[in-house]
Amino acid sequence: MSGKLHDKYTREAVAKLPSRKETISTGWRSPSNIAIVKYWGKSEGQIPRNPSLSFSLKEAVTEMLLTALPHSGDGFSLEYSFEGKENEAFGMRIRKYLSNILPYFPFLNGFSLDIQSHNTFPHSSGIASSASSMSALALCICSLEEMMLRRRTDEEFYTKASFMARLGSGSASRSVFGGFASWGFIEGKDDTSDEFASALEIKKDTVFSDLNDAVLIVNPGQKKVSSSQGHSLMDSHPFAVGRYKQAGKNLSEVLQALENGDVETFIRITENEALSLHGLMMSSDPGFILLEPSTIEIISRIRKYREETGSFITFTIDAGPNVHLIYPGEVREAVQIFIRDELLEFCHDGKWIDDRMGGGPEELNIKDKK
Ligand code: DP6
């Protein structure tokens, strides 16, 4: 793995180690995000094959507490609990992640780490928990480093946290920022990078600065095909080259649309991205279908409602059957009636999550400790 920041962080890591070890704790609340331009396909080292764009959610968050206790042996040890209980599968993922990031944080050797986390959204709600949990973890580790070794400016801190979150889960790199964030190098924008995401400043008080996301739960079950499997199927996908070109073009157009207040283009691209993602899944080898009949019914109704009312509402879908209905605050009341009257019958047990754009991660006051 290489890259400008990779080199910088590994160089820094060996240059200074803590002179004194003491017990320290930190905690972060970090959100999930919903992608408008999708990341689908990656190369070695979690490098995305195309740039992506998302906004962070407000309600769907992971809260994580990390305590590091010095021990006299070599290496690090880990105790992990999720919602008060041991969680073997996620514990293993975290252990593997921590081993992978040791070249950046060699100081972790010599500590017993105790990590407790919980999500504010139901486990099988179809909201990606890896984005919120891996970003929370990366933020906690970067805070430990700050407390022990070096202070960074806010910008440097969040860039490093995004870099580290990316190594845990690509989409998590975007969750360390509030509002819109993009990840991946964008032609003509030299401050963007495949190694980390950055916040995208947009004009305040526009329809785009106040987006809502109603997550309509068609099926709360586990995904049949994981995102990782989906990404790797892109390696041999016959449409891969065309897809990466399309994503780059969609991203530039949507950035322009956000800048110009161009709702029509935003809607066109948001839906094109969602349907293209699922088109890619269907045309992979082997192909797979995550959409369900109710997903299609919901999409048709959203489009019909938009045609009839002229309202700004649109949808996107991640790697699952659930629909994210995106709309601005100004039509909130009407859209919520529409959801109740026309969409809930297609949701599993009438389940949906009323979420919206959020301001990004927050450091927990350690007194909040659960
Ligand atoms: C469809 O970030 O979950 O949500 O890097 O393998 O952890 P890994 O994949 P992940 O993929 C997200 C895919 C997506 C689109 C997106 O969020 O951009």
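Please read all numbers here as calculations on a predicted model, not as lab measurements. Atoms within each ligand, like the ligands themselves, are counted from 1 in listed order.
For the atom pair OG (S43) and CE (M234), the distance works out to 11.5 Å, reported to the nearest 0.5 Å.
Salt-bridge check for E253 with R268: passed, with a basic side-chain N closer than 4.0 Å to an acidic carboxylate O. Comment: E12 engages R152 in a salt bridge, judged by a side-chain N to carboxylate O separation of less than 4.0 angstrom. E156 and R151 are not joined by a salt bridge, as no carboxylate oxygen comes within less than 4.0 angstrom of a charged side-chain nitrogen. Ion pairing between E342 and K304 fails under the 4.0 Å rule for side-chain N and carboxylate O.
For N33, no nitrogen or oxygen atom sits less than 3.5 Å from a nitrogen or oxygen atom of ligand 1, counting backbone and side chain alike. Looking at S52 next to ligand 1, no N or O pair under 3.5 Å apart turns up. Between G170 and ligand 1, at least one N/O pair is under 3.5 Å apart. In terms of polar-atom proximity, H231 is counted as a contact of ligand 1, with an N or O under 3.5 Å from an N or O of the ligand. Ligand 1 has no N or O atom lying under 3.5 Å from any N or O atom of W40, backbone or side chain.
Contact atoms of ligand 1 toward A35: 16 (C), 17 (O), 18 (O) (distance under 4.0 Å to a heavy atom of the residue). Residue S228 has at least one heavy-atom neighbour below 4.0 Å for each of these atoms of ligand 1: 6 (O). Heavy-atom proximity to K42, at under 4.0 Å, picks out these atoms of ligand 1: 5 (O), 6 (O), 8 (P).
Taking the ring centre of F90 as origin, the terminal cationic atom of R93 falls outside the region bounded by 6.0 Å and 45° from the ring axis. With a 6.0 Å cutoff to the six-membered ring centre and a 45° limit on the axis angle, K160 counts as a cation-pi contact of Y9.
Distances from atom 2 (O) of ligand 1 to the heavy atoms of S227, S171, S130, G41 show the closest one on S171.
Not a single heavy atom of M134 sits less than 4.0 Å from an atom of ligand 1.
In this pair, F312 and F208 present their aromatic rings perpendicular. The plane angle is above 60°, beyond the 30 to 60° band.
Looking at M281 against ligand 1, nothing comes within 4.0 Å, counting heavy atoms.
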